[in-house]
Number of protein chains: 4
Amino acid sequence: MKSRAAPWALAWRPVCSACAPSRQFSNSSRRRVIRPITELPDCIRPAFLQRQDATLLSLQWPSPPRNILIAKKKRTPGITDSLIEYATHLSATYPSINIIVEPESAREIHETVPFSVYTYEPAPPNGVPAHLSSKTDLVCTLGGDGTILRASSLFSQSPSAPPILSFAMGTIGFLGEWKFNEYKRAFREVYMSGASDAYAKLEFPDRPRPPSAPRSTSDPLDHPLSYDDIRGKAMGSSRTARVLLRNRLRVGVFGPDGARINSSTDQDTYALNEVIVHRGASPHLKIVDVFVGGRFLTEGVADGMIISSPTGSTAYSLSSGGSIVHPLVPSLLLTPICPRSLSFRPLVLPANTPITLRLGEKNRGREVEVSIDGKRISGGMGVGMEVRVLGEEVRNEAGEWCGGVPSIVRGTSGMEDKEDDHWVGGLNALLKFNYPFGDQDADGRRG
Amino acid sequence: MKSRAAPWALAWRPVCSACAPSRQFSNSSRRRVIRPITELPDCIRPAFLQRQDATLLSLQWPSPPRNILIAKKKRTPGITDSLIEYATHLSATYPSINIIVEPESAREIHETVPFSVYTYEPAPPNGVPAHLSSKTDLVCTLGGDGTILRASSLFSQSPSAPPILSFAMGTIGFLGEWKFNEYKRAFREVYMSGASDAYAKLEFPDRPRPPSAPRSTSDPLDHPLSYDDIRGKAMGSSRTARVLLRNRLRVGVFGPDGARINSSTDQDTYALNEVIVHRGASPHLKIVDVFVGGRFLTEGVADGMIISSPTGSTAYSLSSGGSIVHPLVPSLLLTPICPRSLSFRPLVLPANTPITLRLGEKNRGREVEVSIDGKRISGGMGVGMEVRVLGEEVRNEAGEWCGGVPSIVRGTSGMEDKEDDHWVGGLNALLKFNYPFGDQDADGRRG
Amino acid sequence: MKSRAAPWALAWRPVCSACAPSRQFSNSSRRRVIRPITELPDCIRPAFLQRQDATLLSLQWPSPPRNILIAKKKRTPGITDSLIEYATHLSATYPSINIIVEPESAREIHETVPFSVYTYEPAPPNGVPAHLSSKTDLVCTLGGDGTILRASSLFSQSPSAPPILSFAMGTIGFLGEWKFNEYKRAFREVYMSGASDAYAKLEFPDRPRPPSAPRSTSDPLDHPLSYDDIRGKAMGSSRTARVLLRNRLRVGVFGPDGARINSSTDQDTYALNEVIVHRGASPHLKIVDVFVGGRFLTEGVADGMIISSPTGSTAYSLSSGGSIVHPLVPSLLLTPICPRSLSFRPLVLPANTPITLRLGEKNRGREVEVSIDGKRISGGMGVGMEVRVLGEEVRNEAGEWCGGVPSIVRGTSGMEDKEDDHWVGGLNALLKFNYPFGDQDADGRRG
Amino acid sequence: MKSRAAPWALAWRPVCSACAPSRQFSNSSRRRVIRPITELPDCIRPAFLQRQDATLLSLQWPSPPRNILIAKKKRTPGITDSLIEYATHLSATYPSINIIVEPESAREIHETVPFSVYTYEPAPPNGVPAHLSSKTDLVCTLGGDGTILRASSLFSQSPSAPPILSFAMGTIGFLGEWKFNEYKRAFREVYMSGASDAYAKLEFPDRPRPPSAPRSTSDPLDHPLSYDDIRGKAMGSSRTARVLLRNRLRVGVFGPDGARINSSTDQDTYALNEVIVHRGASPHLKIVDVFVGGRFLTEGVADGMIISSPTGSTAYSLSSGGSIVHPLVPSLLLTPICPRSLSFRPLVLPANTPITLRLGEKNRGREVEVSIDGKRISGGMGVGMEVRVLGEEVRNEAGEWCGGVPSIVRGTSGMEDKEDDHWVGGLNALLKFNYPFGDQDADGRRG
């Protein structure tokens, strides 16, 4: 970013001079090339501002986002069409935007769409795709919680993930906020978020607007967005996109020899939901020593053990009997999986207390499975291995919000000024929380 | 019954000579009298036959039922109208039938309906209404589980309750089976149940039929049922009403001095759902010694303790964390209410094992509440008191089915020959059993 | 049995004439041979008599047991010494007894002990050892519940298992009853169980007693047991060994093509504890359709599903949140493992209601694990497979007790005439059932 | 405090000139007077300093504490003797200390002890004792959690409670830390806590030391503490008493008319454990509307509802199925009591999110019980009433720790420098957390 004098201005220029002229206007086959993300400009990192009397944060871009990663759910009919529709809209409406897709998607769509798509090399074992973290401004997901989780995992070795704008595609999830048919408004809201009056004063080069292709639609959200569109049209701070900054877990997995297993770069892995130790295919219960704050807490004999973030409290932990914890409670959950104990009630621990799970000597065999957000760690497991977890810090020393997974929260129409009920809504809609049973007969008595 | 030479024949005679002539034909005020059930003939007890390869029993009347108790839900708008509609239908269609209602209902409706209603004296404390058990052939309830429970409590000091035909009135319950708009078919099915060809051969006195009033309806179920209607029209054994014989609990409550409290007649009380010991208004946990099969099991320190039948497993016990037990599992459930223990998992015990709850010396104060099927036992509680419970026997020494609460089960249309799914249906419809949560996203993974 | 005219008499003869003379007296190497169980006489099946007012049964041998299988816990220091001690005691004290051990044990001990040991060929996949079921009179286990489970699995394709006399070896279990240091008394009690006065009247051949080797011990339980020991010393019916007849599950596992997988002999497998369907190494939740009594109950989305016997209710099912069910409640437990539902409460169903688990079309991949009493079924799993379960019948049409796993229950000293508390004791000792938490302070209040 | 120029110096003077001379030396009856706490100097409020890399705080007195409230468990044999022993030690060893006891205790002991005791007027309904909060420097409790809860309730209308030093008296609790036989060391540690070198430089008036009475004991903790004892003997910052600042709930209870019920002074009540809404003696389930952050969450139909602090998570909430939450997780727990729902899983919510429970129109009758830390609110309950709860702030705007209930934590001998394990220890010792069940047999398998 430092080398770019006027990022906002540059945003309107073609990403690279070679492909730019043809971008919107020609039909040449060149645009159908799959291009590496290394060609993209470095990412733009937004700020997250505390709003008065609010638990959600305001998203503020220093300049408009350009590099947009779109991840879609797998094995779902029709989803590729939605991806194409969405990407095409972005490309047509926001000419400065570059579309990044997963390698598989790139192969699927690059010959169909009238613009270049960017992609990355697949991740190495226990790793993440190179450069993706430093090139992505914003992530959009088309799918459910599983897709969000997978997208978030792409940034699992980075101390901060880009904001995520997620569209549920029929499969409503706990994390996803928007309906796909809202995508134009949703993206516009995010794109413009935090554009202050100062934006309008930026000196834009006197370049011609992209020609407005004749359009049948009168939807203003379909019009290409140019300088004029922005000048004087700042949404104002009350119209910024609202962000739930989800804390992640910082996870280190270490082999019996003390060597780090979870990544090849000696870094912690960040988990949005949970880390799991499980017997997997082994018929034998695992015997896991649990340490909290450096002190021995208990020896868990169980199918497995879950350390979950509050975000993950409605996932595997819930299936295993854990409480539901609001994502803004700074905490870690320790939930046993089928423990051989009547009295291993799930625990909720402070986020800043390190928890260690150690596979003790009593275990038979070396088989154990360790998964982080559904991705299995490969290699090196066995007696003596340790999983070390700590809650991620989401404020730096200067008190600024950072880190975590910034999730764009859908505003309730007409209630933009009020704290929203997305979590409450999720409880009711998704968990069928507190569905009453039995007779509503007022004669019913307890005593 | 023994004193009645030809019950079936007599069924067509007026219940008592005084009121009979006016019954269907006059408008005299005499019929609006509330009459005591002591004037009714003794009850007719049906047999319950085991059907081949079936878990439900077949209801078989030795002669048609005459004395029908109708209980309705309290405090419900419109319910009295339904009661009147139902009672009037029965009275018009089955001239030999006598309608019994609860005292409060009798006062409500007796001036409205064109026939006499029978009722009984209210029950004394810890008691049941006198004579009701020996006079009632069949119980019909209009309401939910609470109403069934209340109706069943009227027979709680009798080793066998009459069959119960229950209509849900909007408030679907676990025990109720029929929709109110099915009442004509439902009652006809029960009334005719088990009428064998032999019925047709009974020598009926040569009496004139009740005149058929001109009717606008063509519904055959509205036609008065006479000898001709029955002759040769036996429903056959496959068309009998199907009965789920619900085991009850036999409960004795004894004061610190060993004197029986639960009833004044030194009899056990039969509970359809459960007996509860609870701290009630006392702020202090109760300390309850639990004995199983005469041996000390454990000291429960809790808000209270539930001993439930399988039928009651979907009531208070479920709220307290108990398992769901099918009504045909011969068992008792011991479920603590908010125990001060992480390891007091609910227990399922054999129905023929006596359980005793004793309020030990450690308890402070005398306050404790004991309720049987929602009716509180009054008087005499305190340290040293005992609740003794045993599952009711539902087969006598001759192997015949008896006792319990015979619940008429609704046949699924077109599936009369198959075992029905009323319990399974109840689980799904009422408990919202196993409603899935979270993301249906196929990307979701556990490891 | 049929070919043996006088089994009781023959019991005192050597098992085969070849090895007999040397049996107790010589040091020849011949006795150290491992012999096949096919050489053994057919097994003797005891009767189980209902005792008045008792829930346990009385064991009654038609003639003394001869073929004794001893199974020991694996991987446990010192356990082989205990096996040798026990087997040697039996062989020395009860000359007519033949010792069967598992193949691994046979190799371990046959050169050490002064008598021949019998063993069998290892079981084929999904099978049981040939002939074992038809040759074993009594099983003794040295170990915990795991050992009992393994021993019981050896008879898992037989409609009745031999009685099991189990000795806990330090590791107290739920199923094990006796302490190892009681073995002499325990075995004598079982051996003599049901020996009526009629035994004394049997015509024994006039053979010399085995010479009493000079012994340093004065323990009468060490003296070789001969005719004189039995004559007139019947223990009487009140002294018979008491048996808890544990119901098992009858389990059939069928592949997508309808072919039976659980055994090669087209027979059901009998499970003492449970059958489990589990995702195993697959990261994907399993989607299991549950049918009860032939009707669809629910679609379980979970790590897995357990169908357990009451005996198994304190094993995996308990870890998964199931209730504790007394072994005498004729029932099956359906307990989900980490279900994706807040409302999949465990169910207790009638033992005679068939339950089917079907792996529906929605499942991804073919991976699923099915285990019966901890033994994994190999091969053929996948979408479309079914697990069909029914509770075992333990009374035949004549009303005689049969089937199940007859577990010899330890009598409480001095309380032989009373129903014992082994299950209650197990709850308290093993589960640490209802251990109270928190402050015992009488100031503690709830309201 | 402001009116007292040199509190530290004054600390050595008699509390009031009248009684001082006779204090330790005479037998005059005057000292046996029960005196009102209004005569006491105003309380001294300690600071709580964050220790580096530590979750516990350091207690720092600006000058030594003088007014010590001692609360004892009720109805416990021998407890009064312990109270006398403890109070006498304090009085003899720390001459400047004034002993406050509860009114009942004052009547019990004032004729026995050789010094005056202070006490207060009993609290009005829904209120707290007048002046107690402004006069108490330190609270000592002799008893279990119930006693701590009761003592803490005495300060339930004050935004900050004095530090609590609690001694378990046989009845180990979750909150209590010290054994009674440690009382001399414990009190010395608290008394001296934070005494910096600066203390030694204070100008003490040149007064004679209290004469050292000849003593048989050589325990230095028994010697009267004087200026010389303190000078140069500061414990240093690493030796300060360690404090767990327990957040409380701020609770307002409002009648149907909106009038505050919980206190007569229009102030919130602070609860250490929980606030409970319960059906109490009413047989009817309560229907409670739950609002979180001002938005409707759900309608709870249940015996009652608990809003608990993390400290209270091991009390009633645990009995009702709540998770165990570490006291340092800033959160509120919403736990239903026996809900009529399979899917009302307990919730953990952010401490700064207001929760409201409202008794809706659907409830029958007016009966409902509301209790705060075990004290029932009297009067005014009924349909329309609301309980409003918010987590207490424990840092003021300047970032200083304040509020809450400062609990003195027992240091583990030899581990004073390490974070201690009091909570972990409590889990294991008190909850019998994670006690394993069943067979430890290594043969045990799951699949």
Side-chain angles (χ1 to χ4, degrees), chain B residues 55 279 281-285 292-301 303 310 313 318 322-326 328-331 333 336 338-353 364 418-421 423-424 427-428 431-438 442 444-447, chain C residues 55 279 281-285 292-301 303 310 313 318 322-326 328-331 333 336 338-353 364 418-421 423-424 427-428 431-438 442 444-447:
Chain B
T55 55
R279 65 180 177 86
S282 162
H284 301 294
L285 292 175
V292 172
R295 300 217 173 201
F296 178 72
L297 169 68
T298 199
E299 176 191 275
V301 182
D303 273 13
S313 73
L318 192 61
S323 274
I324 299 170
V325 181
H326 192 283
L328 291 174
V329 175
S331 57
L333 289 80
C338 297
R340 192 160 69 186
S341 169
L342 289 176
S343 48
F344 199 147
R345 190 71 68 89
L347 301 180
V348 182
L349 298 161
N352 58 359
T353 300
R364 291 170 55 196
K418 302 191 67 171
E419 263 318 276
D420 88 317
D421 59 352
W423 185 76
V424 162
L427 283 189
N428 287 303
L431 298 190
K432 205 76 183 173
F433 177 74
N434 185 27
Y435 189 95
F437 65 70
R445 295 165 63 95
R446 290 237 157 133
Chain C
T55 54
R279 66 179 177 88
S282 163
H284 300 295
L285 292 175
V292 171
R295 299 216 173 202
F296 177 71
L297 170 67
T298 201
E299 176 191 274
V301 181
D303 273 14
S313 74
L318 192 61
S323 275
I324 299 169
V325 181
H326 192 283
L328 291 174
V329 176
S331 56
L333 290 80
C338 297
R340 192 161 68 185
S341 169
L342 289 176
S343 48
F344 200 147
R345 189 74 66 90
L347 300 180
V348 182
L349 298 161
N352 57 0
T353 300
R364 291 169 54 196
K418 303 191 67 171
E419 265 315 276
D420 90 315
D421 60 350
W423 185 75
V424 162
L427 283 190
N428 286 304
L431 298 190
K432 205 75 183 175
F433 177 74
N434 185 28
Y435 188 96
F437 65 71
R445 295 164 63 95
R446 289 234 158 137

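Values reported hereafter were calculated over all heavy atoms of this structure, with side chains retained and with hydrogens, waters and symmetry mates removed. Fair warning: this is a prediction, and the values are worked out from it, not measured in the lab. Throughout, protein chains are lettered first and strands after them, A, B, ... in sequence-line order, and every chain is numbered starting at 1.
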Using every non-hydrogen atom in the two residues, find where C:P330 and B:P330 come nearest and quote the distance to one decimal.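 What the structure gives for the nearest pair is CG-CG, 3.7 Å.
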Check: [Y] and [X] side chains under 4.5 Å, non-hydrogen atoms:
{"X": "B:V329", "Y": "C:V329", "result": "yes"}
{"X": "B:L318", "Y": "C:R345", "result": "yes"}
{"X": "B:S331", "Y": "C:S331", "result": "no"}

Any idea which of B:L328, B:L349, B:T353 has the most non-hydrogen atom pairs under 4.5 angstrom with chain C? B:L349
For chain C, find which of B:L333, B:N352, B:L347 contributes the most heavy-atom pairs closer than 4.5 angstrom.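 Between B:L333, B:N352, B:L347, the count favours B:L347.
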Is C:D303 close to chain B through its backbone or its side chain, or both, or neither, when contacts mean heavy atoms under 4.5 Å? both
